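These numbers come from a predicted model, not from an experiment. Nothing fancy with the numbering, it's 1 onward along the sequence.
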Amino acid sequence: MTFGFAPSSAASLSASDASANRLLEPAEWAAAGIPLLRNPREVVSGLHARHRPGPATAIVAVLDPDERLAASASFIRRSAPADGWMFRNALLAQLRRIIPHDLRRRTPVRTAVLLYCREGDARWTEEDGAWMWGLRDACTLHGLRCGAYITLTDDGWQVLGEGRGGRRPSLGSAPEPFALSEVPPLPRTGGAASDVLRRAAAR
């Protein structure tokens, strides 16, 4: 996918100055009231097993109120300067593709989280700040709660702004079987079809 805009001759700010306003510092992110994940390792392991990401892969996931996975998508970050506006557009395009918006609700009930796989250590970078800005803005435009921003590096995973993390999974590690990657629960309908599914699940 391609994003871009024609530079205006009347622009008074350089591209770097403009993009600097489209990132969030860790303190701003921590003060934004981002909801905590009940089990971040399960979320990370499930997304890692489902998408098997490599470096520069972003995974956006939508969780229901019970923290079950409703939808997710992964894509490769373009090799361009980090810009929250560009990241916002990329995330919004993925959200629109995988799940209907919740803009008609008075308050959001579903939460979007972002897992970004990158090389380097787990310390915050300006690229992380741009992803945070992009995630927050994309959630607002799609009627979702802005959830956790998680990095996955060679050192493991880290929920930025919370100080929670772990060594597995890490970038390049083998996927682990976790709840988000398991078969979804059986439908609550009765009848012969449900009996067949129930017997198959019991094997």
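Between W131 and F87, the ring planes lie parallel to each other; the angle is under 30°, not in the 30° to 60° tilted range.
Across A49 and P175, no two heavy atoms sit closer than the pair CA-CB, 3.6 Å. Of all heavy-atom pairs spanning V113 and L63, the tightest one is CG1-CD1, 4.1 Å. Nearest heavy atom pair, residue A122 against residue Q158, reads CB-CB, 4.1 Å. Annotation for C146 and W29: closest pair SG-CH2, 3.5 Å, computed over non-hydrogen atoms.
For the residue pair S72 and H51, a side-chain donor N or O sits within less than 3.5 Å of a side-chain acceptor on the partner.
At a threshold of 4.5 Å between non-hydrogen side-chain atoms, the residues E162 and L36 count as touching. Side-chain contact between T57 and S74 is present, with heavy atoms from C-beta onward closer than 4.5 Å. The side-chain heavy atoms of L37 and R164, taken from C-beta on, include a pair separated by under 4.5 Å. With a 4.5 Å cut-off on side-chain heavy atoms, L23 and M132 do not count as touching. Between P169 and W157, the closest side-chain pair of non-hydrogen atoms falls below 4.5 Å. No side-chain heavy atom of C117 sits less than 4.5 Å from a side-chain heavy atom of P55. The shortest side-chain heavy-atom distance between H142 and R96 falls under the 4.5 Å cut-off.
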_Residues D102, R110; criterion salt bridge (charged side-chain N to carboxylate O under 4.0 Å, His left out); working and verdict_ = CA-CA 8 Å; D102 279 346; R110 295 184 293 190; 2.9 Å; yes
*Show the numbers, then the answer: is there a side chain to side chain contact (heavy atoms under 4.5 Å, CB included) between R77 and E127?*
CA-CA 11 Å; R77 177 206 188 296; E127 181 185 24; 2.6 Å; yes
*Could you walk me through whether L144 and T111 pass the side chain to side chain contact (heavy atoms under 4.5 Å, CB included) check?*
CA-CA 5 Å; L144 301 170; T111 304; over 6 Å; no
*Show your reasoning for whether side chain to side chain contact (heavy atoms under 4.5 Å, CB included) applies to I150 and L160.*
CA-CA 6 Å; I150 308 160; L160 267 68; over 6 Å; no
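Between R22 and D83 there is a salt bridge, since at least one side-chain N of the basic residue sits less than 4.0 Å from a carboxylate O of the acidic one. Comment: D128 engages R118 in a salt bridge, judged by a side-chain N to carboxylate O separation of less than 4.0 angstrom.
Remark: S45 OG to L47 CG distance equals 9.0 Å, nearest 0.5 Å.
At a threshold of 4.5 Å between side-chain heavy atoms, the hydrophobic network of Ile, Leu, Val, Met, Phe, Trp and Tyr places W133 and F75 in one connected group. Taken together through direct or relayed side-chain contacts under 4.5 Å among Ile, Leu, Val, Met, Phe, Trp and Tyr, L141 and L95 form parts of separate hydrophobic clusters. Residue W124 is grouped with residue L114 when hydrophobic side chains (ILVMFWY) are merged at heavy-atom distances under 4.5 angstrom, including chains of intermediate members.
By the side chain to side chain donor-acceptor pair (under 3.5 Å) test, T153 is found to be paired with no residue, residues two or more places apart in sequence or in another chain being considered.
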